[in-house]
Amino acid sequence: MNYKDTIHLPSTGFPMRARLPEREPEILKFWQEASIYKRMIDARKSGETYILHDGPPYSNGNIHMGLALNKIVKDFVIKYRSMNGYFAPYVPGWDNHGMPIENNVLDEFRKGGIEIDRLAVRKRCREYAKRFVDIQREEFKRLGVLGEWDNAYFTMSPLYESEILRIFAKLVQRGYIYRDLRPIHWCTTCQTALADAEIEYKEKRSHSIWIRFPLHQDPDGIFGGDKEGSYAIVWTTTPWTIPANLAVTVRPDFEYYVVKKGSERYLIAKALFRETAKELGWKEEEIKIVKRVRGDELANLVFRHPIFDRPSPVLEGDFVTADQGTGIVHTAPGHGEDDFRIGKQYGLRILSPVDEEGRFTSQAGERFAGLDLQRGNEEVLAALTEAGNLLKQDVFEHQYPYCWRCHSPLIFRTTPQWFMNVDHEGHREKALAEIEKVKWVPSESYERIKAAIQTRPDWCLSRQRFWGVGIPAFYCNDCGEAILDADLVNRTADLVKEHSADFWFQPDVMKHYQDVACPKCGSKDLRPEEDILDVWFDSSCSSLIVCRNWEGLRWPVDLFLEGPDQHRGWFNVSLMTGLGAEDTTPYSTVVTNGWVVDHEGKAMHKSLGNYISTKDIVDHYGADVLRLWVASSEFTRDVRVSQEILDRVIDAYRKIRNTLRFLLGNLADFDSEHRIEVEKLPPLERYILHELHKLIAKVRDGFDSFAYHHAFQAIYNFCSVTLSSFYLDVLKDTLYTRAKNSERRRAAQTVMAEALDKLIRVLAPLASFTAEESYRSSPLEKTEESVFLLSFPKVNPELEDRELAYEFSQLLTVRDEVLKALESERSAGNLKASIDARVNLAAKNEALANLLRKYEPQLAELFIVSQVDLVTWDETPEASRKDSLAIAVRKPKGEKCVRCWLWSESVGGHQDHPEICDKCYEAITDDQT
RNA sequence: GGGCCUAUAGCUCAGUUGGUUAGAGCGCACGCCUGAUAAGCGUGAGGUCGGUAGUUCGACUCUACCUAGGCCCA
C-alpha cells in the first residue's frame with residue numbers, strides 16, 4: 001500500500017510565489033469595484049470620529065519615496081482606526097498653485113513664442129496641475145492607499161479659492177493684515193521679483209572694500225572721550241548699498257578691540273583683528289590695543305555715515321559672524337534680509353533708493369540719482385575717497401545670486417508687500433501656548449515647532465506671480481492709497497466661487513466694483529492689485545476649508561502627519577491661520593515622518609545616482625514590499641532605502657507569506673464545527689494562544705503609538721520563530737499523519753485557524769494586498785467581503801497563561817539543548833534526521849526534572865524525535881552532562897514506521913498493515929470510517 | 001554660522017531610572033530534510049555600542065568637544 005496517499009498534506013490555492021506586480025492590480029480592481037473604501041468607512045458611521053487631515057502634495061512630477069512613505073503611513077492610520085470602529089474618512093488633496101507649475105508653463109509659452117497673457121497662462125497652469133493630479137492619484141492608489149480619490153480637494157478649485165479669500169477676509173477684518181516694504185531678490189534685467197527657488201548661485205567677482213565710520217556719539221566713553229579720529233571699520237562687497245546705510249551691527253557676545261594707530265582709534269572685532277590689520281597693511285609696531293569690550297557694551301555708540309552727514313547707530317545682531325569682514329556689519333535695511341529684519345526690530349526706516357531698472361533714485365542723494373549700479377559703485381567709491389573714509393579697495397570672489405532666467409546678478413531691493421502681523425494681539429504667544437497642548441510625535445518635534453514659531457518673521461503674503469489666488473485689494477489711481485477691505489474681499493470670494501480665481505484677472509474686473517471709492521480721497525478711479533497670495537496661505541487654509549466643507553469631517557482635526565520640513569511650513573502656517581481666523585489650533589496630534597535617504601544616510605538625488613523610485617519598487621516587487629519597508633522602518637527618523645534593505649524586506653515578505661500559506665493549506669479540511677474549546681486544548685496549543693495574545697498586545701501597542709516597526713517585528717518574529725520554526729514544525733506529524741478528525745489534529749487546527757485569522761487582520765493595514773489575498777483564499781468561514789470590514793484583533797486576557805508560558809520557556813530551553821545535542825550527532829555523521837533519534841534526558845535539579853516528567857508524553861513531539869526517555873541524573877554518563885542537563889542521543893527502539901517515519905515498537909503489530917505503527921493504524925482506520 | 005535630530009552586529013530594530021559575559025529577527029557560513037519544495041529545519045560565526053576627552057567604584061546609557069549624516073534657518 002502506498003501510505004503517502006493516506007497522509008494529509010497541505011492544500012491551498014494561495015500560491016507560494018506572490019507575483020505581486022501582476023496580482024496586486026486585480027485586488028485593486030476588486031477594492032474599487034466593490035467600493036471597499038466607502039464600505040469600510042460607512043460600516044463605522046456610528047463610531048467615534050477620527051480625522052486625519054491630508055497635507056496636500058504639490059501637483060508636479062511623479063511621486064517619490066518621501067511622498068509614498070507619507071501616504072502609506074497615513075493609510076496605516078486610517079485602516080487601523082477603521083478596523084477599530086472609528087469613523088475615519090480620508091480625503092486626500094493637492095496643492096496646485098505656485099511657481100514650479102507657473103515656470104514650466106511660462107517656459108512652454110516662451111519656447112512656443114506664445115504671448116504671455118495672465119489668463120492664458122493661468123488656464124494652462126490649471127491644465128498642467130490637473131494632469132499631474134491624475135498621474136499622482138493613480139500612483140497613490142497603486143500603493144493600496146484607500147481614500148476618497150474621487151472626492152479629493154484641490155487648492156485650485158473655485159470653492160477652495162473662494163474659501164481662501166473668506167479666511168483672508170477674516171484676518172483682514174481682525175486687523176492682522178498690513179502693507180509694508182520688504183527687501184526681495186530683484187532682477188534688474190527682467191524687472192521682476194524672484195523667489196528663492198528661482199535663484200542660482202554662481203561665483204562672482206565683486207568689490208571688496210574696507211571703510212570707516214567716524215564716531216558721532218559715545219556716551220559710555222568707549223573710545224576714551226576722543227570723538228575726533230575715532231572710527232568703526234566696516235567691510236562690504238556692495239559699495240552701491242552705502243547710500244542706503246542706516247546703521248552698523250555688532251554681535252553682542254563677541255569681544256571687540258579699540259585699536260590705536262597713530263592718533264586714530266579704530267573699533268574692530270577681536271576675532272577678525274589680525275586679518276583686518278594685515279589687509280590694511282598695519283604694522284605690529286604702529287598699533288596698540290587700548291581697550292577690550294564686549295559687543296553688548298557698544299549699544300549706545302552712534303557713528304556717522306561715511307559719506308552723508310547723518311547718524312549710523314550701533315545695533316546688536318546675532319547674524320554677525322567672524323568668517324569675514326570686521327565683526328561690524330554695514331546695515332542697509334532696504335538691501336538685505338538680515339538688515340531688513342534688524343532694521344524693523346530697531347524701528348529704522350527702510351531706505352531703498354534703487355528703481356526697477358537698477359538706477360539710483362533721488363533718495364540716494366543728488367550725486368548718485370540716475371546712475372546705474374555699475375556706475376553707482378564707482379561714484380560711491382569716489383565719494384568715500386573724497387570723504388577720506390575708504391581704507392582699502394580690492395576684489396573678492398564669492399557665491400552670488402543670479403537670475404536663473406537671464407543670468408544677470410540680482411540685487412536686494414525693497415518693494416511694498418502685504419503681511420500678516422504674527423504679533424497682532426499676542427498672536428505669537430497664543431500660538432506658543434497652543435503648541436504645548438498638542439501631542440508631537442516624536443516629542444522633539446515640539447522643540448522644532450517652538451523654535452520655528454518663536455523666530456518666524458511676519459508672514460509676507462504677497463507674491464508677484466500669476467498662478468495663484470489674487471489678493472483682492474485696490475489702488476487709488478489718484479492718491480495712491482492701497483485699499484484692503486474685508487467686505488470687498490468677501491464680495492470677491494462670492495464671485496471667485498462662481499468663476500474661479502481667474503475672475504480677478506479679467507481685464508474688466510473693475511466693473512464689478514464700480515461702487516467702491518477710495519476711503520482717503522473719495523476717488524472712484526481704482527485699479528486691482530496684481531499680486532497673488534503666497535501659496536503657503538492656500539495650504540494653510542486646507543484643514544479649515546476641507547474639514548468644514550466636506551461631509552462627515554470636522555474641524556479641528558485629530559491628526560496632521562507630514563515631513564520634517566513642515567515645522568516651518570504647513571504645521572506652522574496652518575496654526576497661524578487657524579488661530580488667526582478661528583482662535584483654534586487645527587490639530588491635536590502632529591506626527592512627523594523622516595526623510596527618505598540612501599544606504600549611507602545621504603539624501604537621494606537623481607544626479608547623485610542614489611535615487612530609488614517608487615515606481616521601480618512597485619513594478620519589480622509590488623506595493624506590499626514598499627508598504628512593509630515602511631512598516632519595518634522607524635519612520636519618524638530618517639528612513640534608509642537600498643537594494644539590500646529591500647532584499648531583507650522581500651525575505652520578510654516571503655516568510656510571512658509562506659507562513660500564511662502553510663496555515664491556509666493545513667486548514668483545507670477544517671470548519672468551525674471542528675473547533676475545540678479552549679479549555680480542552682492541549683498545553684502546547686494553549687501556550688501558542690498565549691503567545692498569540694501577547695503578539696496582539698504588542699501589535700496594538702505599536703499601532704497606537706505610531707511605532708509600526710514594533711508591530712512589524714513582532715509579527716515577523718511570531719511567524720518566523722513561534723510558528724514556522726517551532727509550532728508548525730512540531731505540528732507536521734500531527735497534521736499529516738493523525739486521523740483527520742482526531743482531537744489532537746483538530747486542536748492544532750483550532751489554534752492555526754485562530755492564528756491565521758489574527759495574522760490576516762493585523763497584517764491588513766500593513767501588507768494590505770497580501771492580507772486581502774490570503775483572506776480570499778482562506779477556507780475559514782468569512783463574515784465580510786474584505787479584510788478592511790473586519791475588526792482589528794483585541795487583546796483577550798483570558799488567553800493569557802503566565803504559568804504555562806513559564807513552563808514552556810523552560811521546555812524550550814531544554815529543547816534548544818536537545819537540538820544542539822542532535823546537531824553534534826549529525827555533524828559526527830551518526831544521525832541525519834532528528835526523527836531517527838531517541839533522546840535520553842535527565843535534569844540535575846528537582847524542579848526541572850518534575851517539569852519534564854509532567855510533560856513527558858509531549859517531549860518527543862516537541863523535540864521532533866521518535867522517543868524521549870527520562871532517566872535519573874545518576875544514570876547519565878559524565879560525557880552527556882552539560883550544566884544541569886544530561887542529554888544522550890540513541891538509536892530508537894522498534895522499527896521505523898513507513899507511514900509517519902517515526903520509530904516505534906508497535907510497528908509490526910498489525911497483520912493487515914505490518915509496516916506501520918499503532919498511531920498510523922488508528923489514523924487509517926479512523927479516516928476510513 | 002544657528003536651531004532641532006540621528007549614529008548599537010552586513011540589514012532592520014530592542015536595550016527600562018548608568019551596574020554581572022550588549023539582545024532579537026533576518027542575512028551570511030556550514031549542515032540536515034525532500035510529506036510547506038524557486039519551500040522547511042538545525043548549528044555557528046559576526047558588534048565594545050561613530051570618535052576623543054571627562055564625570056563615576058562602574059557608562060551603550062550622563063557631560064563636553066569632534067566626525068559623518070538629515071531637515072530647517074542663515
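We use all heavy atoms of the structure for the numbers below, so side chains are in, but hydrogens, waters and symmetry mates are not. Each chain gets a letter, A, B and so on, in the order the sequences are listed, and its residues count up from 1. These numbers were taken from a predicted model, which means no experiment stands behind them.
Comment: A:Glu823 does not engage A:Lys820 in a salt bridge, judged by the lack of any side-chain N to carboxylate O separation of less than 4.0 angstrom. Ion pairing between A:Glu22 and A:Arg17 fails under the 4.0 Å rule for side-chain N and carboxylate O. Ion pairing between A:Asp669 and A:Arg745 holds under the 4.0 Å rule for side-chain N and carboxylate O.
Here A:Gln713 lies in heavy-atom contact (under 4.0 Å) with a base. If you check every strand for non-hydrogen atoms under 4.0 Å, A:Ala652 touches nothing. Using a 4.0 Å heavy-atom distance criterion, A:Arg640 is classed as a sugar-phosphate-only contact. Counting any heavy atom pair closer than 4.0 Å across all strands shown, A:Ser834 reaches no nucleic acid atom. At a threshold of 4.0 angstrom between heavy atoms, the contacts of A:Ile645 are confined to the sugar-phosphate backbone, with no base atom among them. Nucleic acid contact class of A:His709 (heavy atoms, under 4.0 Å, all strands): sugar-phosphate only. Within 4.0 Å (heavy atoms only), A:Val898 reaches at least one base atom of the nucleic acid. Within the nucleic acid shown, A:Asp338 comes within 4.0 Å of sugar-phosphate atoms alone, with no base atom in reach, counting heavy atoms only. Among the heavy atoms of the strands lying under 4.0 Å from A:Trp901 is at least one base atom, whether or not backbone atoms are also near.
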Identify every side-chain donor-acceptor pair in residues 701-721 of chain A under 3.5 Å, counting partners at least two apart or on other chains, and give the distances.
{"unit_1": "A:Asp704", "atom_1": "OD1", "unit_2": "A:Tyr80", "atom_2": "OH", "d": "2.8"}
{"unit_1": "A:Ser705", "atom_1": "OG", "unit_2": "A:Asp701", "atom_2": "O", "d": "2.8"}
{"unit_1": "A:Ser705", "atom_1": "OG", "unit_2": "A:Gly702", "atom_2": "O", "d": "3.4"}

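Remark: A:Arg341 is in phosphate contact with B:A74, judged by side-chain N or O atoms under 4.0 Å from OP1 or OP2. OP1 or OP2 of B:U37 has at least one side-chain nitrogen or oxygen of A:Arg661 nearer than 4.0 Å. OP1 or OP2 of B:G35 lies within a sub-4.0 Å distance of a side-chain N or O belonging to A:Lys4. Look at A:His599 and you won't find any side-chain N or O under 4.0 angstrom from OP1 or OP2 of B:C11. In terms of phosphate contacts, A:Lys655 brings a side-chain nitrogen or oxygen within less than 4.0 Å of OP1 or OP2 of B:C41. Checking the phosphate oxygens (OP1, OP2) of B:C71, no side-chain nitrogen or oxygen of A:Thr592 falls inside 4.0 Å.
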Taking Watson-Crick and G-U wobble pairs with both distances under 3.5 Å, convert RNA chain B into its dot-bracket string, 5' to 3', dots for unpaired and | for cross-strand pairs.
-> (((((((..((((.....[...)))).(((((.......))))).....(((((..]....)))))))))))).

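A donor-acceptor contact under 3.5 angstrom links the side-chain atoms of A:Ser724 to the base of B:A36. A donor-acceptor contact under 3.5 Å links the side chain of A:Lys732 to the base of B:A36. Residue-to-nucleotide contacts include a donor-acceptor pair under 3.5 Å from the side chain of A:Arg448 to the base of B:C71.
For A:Glu644, the side-chain atoms get nearest to B:C11 when compared with the rest of B:G42, B:G40, B:C11. With B:A39, B:C41, B:C71 as the candidates, the nucleotide lying closest to the side chain of A:Asp729 is B:C41. The listed nucleotides are B:C26, B:C71, B:U34; the one nearest the side chain of A:Arg648 is B:C26. Of all nucleotides listed (B:G44, B:U12, B:A14), B:G44 comes nearest to the side chain of A:Lys820. Side-chain atoms of A:Asn658 lie closest to B:G40 of the nucleotides B:G44, B:G31, B:G40. Of the candidate nucleotides B:U37, B:G35, B:C71, B:G35 has the atom nearest to the side chain of A:Tyr736.
Each of A:Phe662 and A:Glu634 lies near RNA chain B, and the nucleotide nearest A:Glu634 is the one positioned closer to the 5' end. Each of A:Ser725 and A:Arg568 was matched to the nucleotide of RNA chain B holding its nearest heavy atom; the match closer to the 5' end belongs to A:Ser725.
Partners of A:Pro779 according to the side-chain contact (heavy atoms from CB on, under 4.5 Å) rule, which considers only residues two or more places apart in sequence or in another chain, are A:Leu664, A:Leu667. Remark: A:Asp836 pairs with A:Lys896, A:Trp903 by the side chain to side chain donor-acceptor pair (under 3.5 Å) rule, at least two apart or across chains. Residues satisfying the side chain to side chain donor-acceptor pair (under 3.5 Å) criterion with A:Asp458, sequence neighbours excluded, are A:Tyr178.
Separating the CG atom of A:Leu822 from the C1' atom of B:C33 is a distance of 14 Å, rounded to the nearest angstrom. Residue A:Leu831 contributes atom CG, which lies 15 Å from atom P of B:G42 at whole-angstrom precision. A:Lys450 places its NZ atom 20 Å from the P atom of B:C73, with the value rounded to the nearest Å. In this structure, the CZ atom of A:Arg826 is 8 Å from the C1' atom of B:C41, given to the nearest Å. A:Leu664 places its CG atom 16 Å from the P atom of B:A36, with the value rounded to the nearest Å.
For the P atom pair drawn from B:G35 and B:C28, the interatomic distance equals 24 Å after rounding to whole Å.
Within residues 715-723 of chain A, the residues that place at least one heavy atom under 4.0 Å from RNA chain B are, in residue-number order, A:Tyr716, A:Asn717, A:Ser720, A:Val721.
Atom CG in A:Asp733 sits 8.0 Å away from atom CD1 in A:Ile835 (nearest 0.5 Å).
Relative to the ring axis of A:Phe419, A:Lys344 places its NZ or CZ within 45° and under 6.0 Å from the centre.
A:Arg251 places a side-chain N or O within donor-acceptor distance of the main-chain N or O of A:Val320, the cut-off being under 3.5 Å.
The aromatic ring centres of A:His335 and A:Phe340 sit 6.0 Å or more apart.
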May I have the step-by-step check of ring-ring contact (aromatic ring centres under 6.0 Å, His included) for A:Tyr611 and A:His605, ending in yes or no?
-> CA-CA 5 Å; A:Tyr611 188 85; A:His605 295 287; 8.8 Å; no

